[in-house]
Trainee: 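The structure that follows is given in the form of structure tokens.
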Amino acid sequence: MGEDLLPKTYEPADIERQWYGHWEEKGLFRASDKRKGNEYSIVIPPPNVTGSLHMGHALNNTLQDILIRYHRMKGANTLWMPGMDHAGIATQNVVEKQLAEQGLRREDLGREKFIERVWEWKEESGGTIINQLKRLGCSCDWDRERFTMDEGLSQAVREVFVQLHEQGLVYKDDYIVNWCPRCHTALSDLEVEHEDSKGHLWLIRYPVEDSDEALVVATTRPETMLGDTAVAVNPEDERYRHLVGKTAILPLVNRRLRIIADPIVTKDFGTGALKVTPSHDLNDFELSIRHNLERVTIMDTNGRINENGIHFAGMDRYECRAAIVKELKKKKFLEGTDPYVVGLGRCYRCKDVVEPLISKQWFVRVKPLADEALAAVRDGRTKIIPDQWAKTYYEWMTNIRDWCISRQIWWGHRIPAWTCEKCGELVVSRKTPKKCPSCKDPALTQETDVLDTWFSSALWPFSTMGWPKETQLLKTFYPTSCLVTGFDILFFWVARMMMMGLRFGGDVPFREVYIHALVRDEHGKKMSKSVGNVIDPLVVMDQFGTDAFRFTLAALAAQGRDIRLSAKRIEGYRNFMNKIWNAARFALPHLVGQSGSLSPEDLDRLGLPERWILSRLNRTIEAVEQAILGYDFNEGAQALYRFTWHEFCDWYLEQAKIPLGGDDAETARRTRLVLKQVLDSLMRLLHPFIPFITEEIASKIPGCGDTIMKGPFPVHDASQVDPKAEQDMDTLIGIITSVRNIRAEMDLPPSKKLPVVVLPSTPHEHELVDSHQEIIVVLARVSELSLFDPGAKPKLPRMSAAAVVGEMRLFVPLEGVIDPEAEIARLEKELAKIDKDLTAAQKKLSDEHFMSKANPEAIQKQKDKFEEAQARSGGLGDSLKRMKKFRQN
RNA sequence: GGGCGGGUAGCUCAGCGGGAGAGCAUCGGCCUUACAAGCCGAGGGUCACAGGUUCAAAUCCUGUUCCGCCUACCA
């Protein structure tokens, strides 16, 4: 031991690598699947196999690791279940892009070869994020790592699908869905991002058959007119009532269109007449059901006009729009064009504009599931934190629509349904059926579609634990304790896990859901590659160390607000790590050989600073535990920062240099033991937030053992909270600060030691100062401390700077050293401040409404405030008078 | 259109019924033997605006306004 053991600045790289290796090697992340009754479990939000660690992951997993490490230290049987998501569309896109570089499309390989190729990619370069999570310090039970496409989870997926089908909650139907022409698949409503975009509203004249009249319709998508099969007006609309039932002629195409009336049409939008295109608009599709309209599909799955598009066939949708407008104009059907803001739907993966298209898809009837999930949050079986999100959850769950679960891609769980080629029977089965159960024919073809990725994610909390088998793990850890996630996937994932967990897991999937913020750049912008404002967590960890980064995230994670992250902020907390490091560098050499701990007799004999720091420590323990349990990570971080830096380092360590270097062996011994205890507890308190540096330091504390990650976590000891000691220490701090202030304001160099005269107002104050003279002398750099009896009226030097602490008066004789004008100015400034407090308190105390209605505590507070201000004002005012008198002479 | 969140020190944000706070930035002084990534001090805010409730409002209520997000089938 010695200073050579710890370098002057904290160098995280080696320490992080060594400790993580050590933890893993010793199997410290492993959970026991034997139920002990004190379980704590979290399932990780599985990152995409394609993913690389970004800020969202970093925040999400840091918070989970804090929770996990805390509960593990508290002695809970703790499971953090890790794994990855196969991310259907995203992963397929990655591999398709690689193929494209070789000039290939997935069709060139064929389904089987393509999927093989994806698996190959997954084995080689998928899941780099796992190592990045390790770098972050995540203490997941890696031996249990799962993948949404592994054998067990695939089985769970089939089981759930089949059971849903048996329960009549899965159906296949023709419906108009969101179609991505680029990804070539249907998307669920959630997978469409809405965005406002500048467009136009075109007014087109549709002549009425056998009449001079015409209906003018308004549309933002003129190209869809090729598929129009009706014109609709509001039944209440006087202007058009006489036309309902008649026929309009579709320009260019010359199709005959029924004129129908339906309340969905808004009278005062556009012209009040709506062109109806059942195959390419959701509303119109529903109109076609109500009015039994013909459907004409004019677009193919690539977004190009098909053979129904007369001479426009073969054109791209936007190309066609321009051509149609041109032709309408030429043939005088175009009545006008207005600029208009249109809501565009885009694919959440590739950002291409989605196209409403009719196709045969699989759906989950979610209403019954949603009702159960709704009830579980309403009655508190699952608690959403912060609770403002519960409202959003209710809202969505209440208005939920059926979930389109089929995707026309190859990478994913293939739908376990087969069609009999002979009799057309649809068979849904857990295992590949050998023959048709109806006609016994062996020729069965499986569905080519795969399931929405979120279908398997919805099962994650129980599928990862072995469901549908009734495993020990499931019995021990399901329902999980907590789910930590961002609000962006509240509907995608959380809501669906609730539904599936309740229906198939037999209980809610988690007791609590903590919804955290989004990480943005320092100006509040979303981080994105194209904007170039992305902060890479890996770069940050290289630059500042993992602990500094984790602490920053925790410190900024206030509930219900987005996080604006800047490098400056991380740098600040890097400095904090360094502060901790140096505090340890100072303390550790004093602890050599100190393997014992404080005896009850020692505790009885502790000096004021020792009682004070133990009191502050215990308050901090309480604050940190409360913060973690209430998901107020920022408050926990703040309490730790303040205690460590501004109490332990600034005051305790500074004053401890006196007894540690003093002659009194007994006092020095007790000081060392307190120092050890505080350092030890502090490392443990900090450990869930900053695991690496705390392990490194703790490992050098005598008797601290092999690791602190297994606990114990410090226990709050109310008997060590000592308000009296806190008050006395505050008085000493006040004296020291006052002297320092005088020195700074009077422009006196720190090297110049100053004489100080103290006039206590009570015997207690006298005793306090008397017995702690050395602390004042050293920390305030005092040359000579003169302490008078309470109430004494000593003859003071004519020229001195003054201060008041509590009711105690301080003087720093400065005759000949400073300009009296400077001191007068300083005193007047101080007095002005006090005067504000004084009059405020006075006003309240003389207000009879306040005195009669306010609660006694508030009144007492005002009285105390008034008295304190009065004492300070009196003392300083007195000094000011003397100074002015001195000036006159 | 509906919903939610927010406007507090130059910046980023805590506080959310009884003394306006932190970090960073700024200014002044210090290489005080753990730490200059540090130490000691200082300055800086009609808490968006307008009403209301209350003895008391940054904090609760109402309205206005400006930002952000979510959601939605006015083409």
Side-chain angles (χ1 to χ4, degrees), chain A residues 3 6 8-10 189 194 201 217-221 224 232 264-271 273-277 281-287 340 342-343 356 386 388-389 391-392 395-396 399 487-488 490-491 518 520 522-526 544 548 555-556 558 560-566 568-569 571-589 634-635 638 641-642 649-650 653-654 657 661 736-737 740-745 747-751 778-781 837 840-841 844 847-855 857-859 861-862 864-865 869:
Chain A
E3 282 193 24
L6 296 177
K8 197 165 173 176
T9 49
Y10 174 55
D189 294 336
H194 295 272
L201 197 59
V217 301
T219 181
T220 56
R221 304 197 55 196
T224 63
I264 196 179
V265 183
T266 313
K267 280 196 289 187
D268 46 11
F269 181 86
T271 59
L274 171 73
K275 65 187 264 313
V276 182
T277 320
D281 183 278
L282 177 62
N283 276 324
D284 297 0
F285 179 79
E286 283 172 353
L287 272 174
Y340 187 70
V342 291
Q388 70 207 52
W389 289 108
K391 209 174 164 182
T392 312
E395 193 72 25
W396 190 73
N399 302 312
F487 58 80
D488 48 332
L490 180 62
F491 306 139
L518 229 56
R520 299 172 174 280
E522 57 191 306
H523 305 296
K525 281 216 185 89
K526 214 168 184 170
F544 299 114
L556 296 180
R561 254 215 201 190
D562 284 347
I563 290 176
R564 300 195 188 192
L565 189 71
S566 69
K568 264 274 176 258
R569 201 73 194 244
E571 191 186 339
Y573 288 114
R574 186 274 314 267
N575 295 352
F576 179 49
M577 297 308 121
N578 205 235
K579 187 74 181 175
I580 294 170
W581 186 251
N582 279 295
R585 279 184 68 227
F586 169 77
L588 287 170
N634 59 323
E635 284 177 18
Q638 200 186 349
Y641 186 94
R642 164 165 284 160
C649 291
D650 284 355
L653 289 186
E654 285 305 324
K657 289 172 182 171
I736 294 162
T737 305
R740 285 171 175 174
N741 175 278
I742 288 169
R743 185 197 312 277
E745 295 272 309
D747 267 338
L748 300 167
S751 52
V778 172
L779 298 191
R781 304 190 146 262
D837 291 347
K844 283 207 158 176
D847 179 350
E848 53 184 275
H849 291 293
F850 175 76
M851 295 306 283
S852 60
K853 297 204 175 177
N855 64 49
E857 246 172 66
I859 294 176
K861 234 176 182 176
Q862 287 305 319
D864 292 347
K865 206 174 123 184

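First the proteins, then the strands, lettered A, B, ... as listed; each starts at 1. Computed from a prediction, not measured in an experiment: that's the story for all the values here.
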Trainee: Sticking with atom P, work out how far B:C31 lies from B:A36, rounded to a whole angstrom.
Mentor: 14 Å
Trainee: Measure CG/A:Asp847 against P/B:G18 and give the value in whole Å, please.
Mentor: 18 Å
Trainee: Classify the nucleic acid contact of A:Arg574 as base, sugar-phosphate or nothing, counting any heavy atom under 4.0 Å across all strands shown.
Mentor: base
Trainee: Output the rounded distance in Å from CG (A:Asn399) to P (B:G2).
Mentor: 15 Å
Trainee: Which parts of nucleotides 68-75 of chain B does protein reach within less than 4.0 Å, heavy atoms only, written one letter per nucleotide 5' to 3' as B for base, S for sugar-phosphate only and - for none?
Mentor: -S-S-BBB
Trainee: Identify whether any heavy atom of A:Asn855 sits under 4.0 Å from a base atom; if not, whether one sits that close to sugar-phosphate; answer base, sugar-phosphate or nothing.
Mentor: base
Trainee: Between B:C39 and B:G7, how far apart are the two C1' atoms, rounded to whole Å?
Mentor: 37 Å
Trainee: In a check of side chain to side chain contact (heavy atoms under 4.5 Å, CB included) between A:Ile736 and each of A:Val778, A:Asn741, A:Leu779, which one passes?
Mentor: A:Leu779
Trainee: What residues form a side-chain contact (heavy atoms from CB on, under 4.5 Å) with A:Asn855, not counting sequence neighbours?
Mentor: A:Glu857, A:Ala858
Trainee: Is A:Lys861 touching bases, backbone alone, or none of the nucleic acid, heavy atoms closer than 4.0 Å?
Mentor: nothing
Trainee: Of the candidate nucleotides B:G19, B:G18, B:A34, which contains the atom at the shortest distance from the side chain of A:Ala854?
Mentor: B:G18
Trainee: Quantified in whole Å, what is the P atom distance between nucleotide B:G51 and nucleotide B:A56?
Mentor: 16 Å
Trainee: Please write out each protein N/O paired with an N/O of nucleotides 42-46 of chain B under 3.5 Å, distance rounded to 0.1 Å.
Mentor:
unit_1	atom_1	unit_2	atom_2	d
B:A42	OP1	A:Asn741	ND2	3.0

Trainee: Could you pull out the protein-nucleic contacts involving nucleotides 25-32 of chain B (nitrogen or oxygen on both sides, under 3.5 Å)?
Mentor:
unit_1	atom_1	unit_2	atom_2	d
B:U32	O4'	A:Arg781	NH2	3.3

Trainee: Heavy atoms only, 4.0 Å cut-off, all strands: where does A:Arg569 land among base, sugar-phosphate and nothing?
Mentor: base
Trainee: Please name all residues satisfying side-chain contact (heavy atoms from CB on, under 4.5 Å) with A:Asp189, sequence neighbours left out, ordered by chain then number.
Mentor: A:Asn178, A:Arg401
Trainee: For atom P, what is the distance between B:U12 and B:A20, given to the nearest Å?
Mentor: 24 Å
Trainee: How close or far is atom P of B:U54 from atom CE of A:Met851, stated in whole angstroms?
Mentor: 21 Å
Trainee: For the side chain of A:Gln388, starting at C-beta, report the closest nucleotide among B:G5, B:C55, B:A34.
Mentor: B:G5
Trainee: Looking only at non-hydrogen atoms, find the nearest pair between A:Phe544 and A:Arg574 and report the distance.
Mentor: O-CG, 3.6 Å
Trainee: Sequence neighbours left out, what passes ring pair (Phe, Tyr, Trp, His ring centres under 6.0 Å) with A:Tyr573? Give chain and number order.
Mentor: A:Phe551, A:Tyr641
Trainee: In whole angstrom, give the distance that lies between atom CG of A:Leu556 and atom P of B:G15.
Mentor: 13 Å
Trainee: With no hydrogens and no angle check, is any side-chain donor or acceptor of A:Arg781 less than 3.5 Å from a backbone partner on A:Arg743?
Mentor: no
Trainee: Figure out the CG/C1' separation between A:Asp488 and B:C4, and round it to whole Å.
Mentor: 15 Å
Trainee: Report the residues that fulfil salt bridge (Lys or Arg N to Asp or Glu O under 4.0 Å) with A:Lys853, sequence neighbours left out, ordered by chain and then residue number.
Mentor: none
Trainee: Examine B:C35: is either OP1 or OP2 under 4.0 Å from a nitrogen or oxygen in the side chain of A:Lys579? Give yes or no.
Mentor: no
Trainee: A:Arg221: what forms a salt bridge (Lys or Arg N to Asp or Glu O under 4.0 Å) with it, not counting sequence neighbours?
Mentor: A:Glu223, A:Glu355
Trainee: Start at the 5' end of RNA chain B and walk down; is the nucleotide closest to A:Gly572 or to A:Lys865 reached first?
Mentor: A:Lys865
Trainee: Which nucleotide in the set B:C40, B:A34, B:G18 lies at the smallest distance from any side-chain heavy atom of A:Gln862?
Mentor: B:G18
Trainee: Where the side chain of A:Arg740 meets the backbone of A:Pro750, is there a donor-acceptor pair that is under 3.5 Å apart?
Mentor: no
Trainee: For nucleotides B:G29 and B:G43, find the distance between their C1' atoms and express it as a whole number of Å.
Mentor: 15 Å
Trainee: Between atom CG in A:Leu518 and atom C1' in B:G5, what is the gap in whole Å?
Mentor: 13 Å
Trainee: Output the rounded distance in Å from CD (A:Gln638) to C1' (B:A14).
Mentor: 6 Å
Trainee: Mind checking side-chain contact (heavy atoms from CB on, under 4.5 Å) for A:Asp281 and listing every partner two or more places apart, or none if nothing turns up?
Mentor: A:Asn283, A:Asp284
Trainee: Can you check whether A:Asn582 reaches A:Arg585 side chain to side chain, under 4.5 Å on heavy atoms?
Mentor: yes
Trainee: Could you measure between the two P atoms, the one in B:G63 and the one in B:C16, and give it in whole Å?
Mentor: 24 Å
Trainee: When the C1' atoms of B:U62 and B:U71 are compared, how many Å lie between them, rounded to an integer?
Mentor: 26 Å
Trainee: Within less than 4.0 Å of OP1 or OP2 of B:C13, is there a side-chain N or O belonging to A:Arg564?
Mentor: yes
Trainee: Looking only at non-hydrogen atoms, find the nearest pair between A:Thr9 and A:Asn578 and report the distance.
Mentor: CA-ND2, 3.5 Å
Trainee: Quick one: list whatever passes side chain to side chain donor-acceptor pair (under 3.5 Å) with A:Thr737, sequence neighbours left out.
Mentor: none
Trainee: Quick one, A:Glu286 and A:Leu282 - any side-chain contact, counting heavy atoms below 4.5 Å?
Mentor: yes
Trainee: Could you give the CZ-to-C1' distance, from A:Phe850 to B:G17, as a whole number of Å?
Mentor: 13 Å
Trainee: Taking atom P in both B:C27 and B:C69, what distance in whole Å separates the two?
Mentor: 36 Å
Trainee: Between A:Phe586 and A:Arg740, which is nearer to the 5' end of RNA chain B once each is assigned its nearest nucleotide?
Mentor: A:Phe586
Trainee: Name the closest nucleotide to the A:Lys8 side chain, picking from B:A36, B:G41, B:G18.
Mentor: B:A36
Trainee: RNA chain B in dot-bracket, Watson-Crick or G-U pairs under 3.5 Å, [ ] crossing, | other strand?
Mentor: ((((((((.[[[[.)..(..]]]].(((((.......))))).....[[[[[..)....]]]]])))))))....
Trainee: Sequence neighbours left out, what passes side-chain contact (heavy atoms from CB on, under 4.5 Å) with A:Lys568? Give chain and number order.
Mentor: A:Ser566, A:Glu571
Trainee: Nearest 0.5 Å, please: how far is OG1 in A:Thr277 from CG in A:Leu287?
Mentor: 10.0 Å
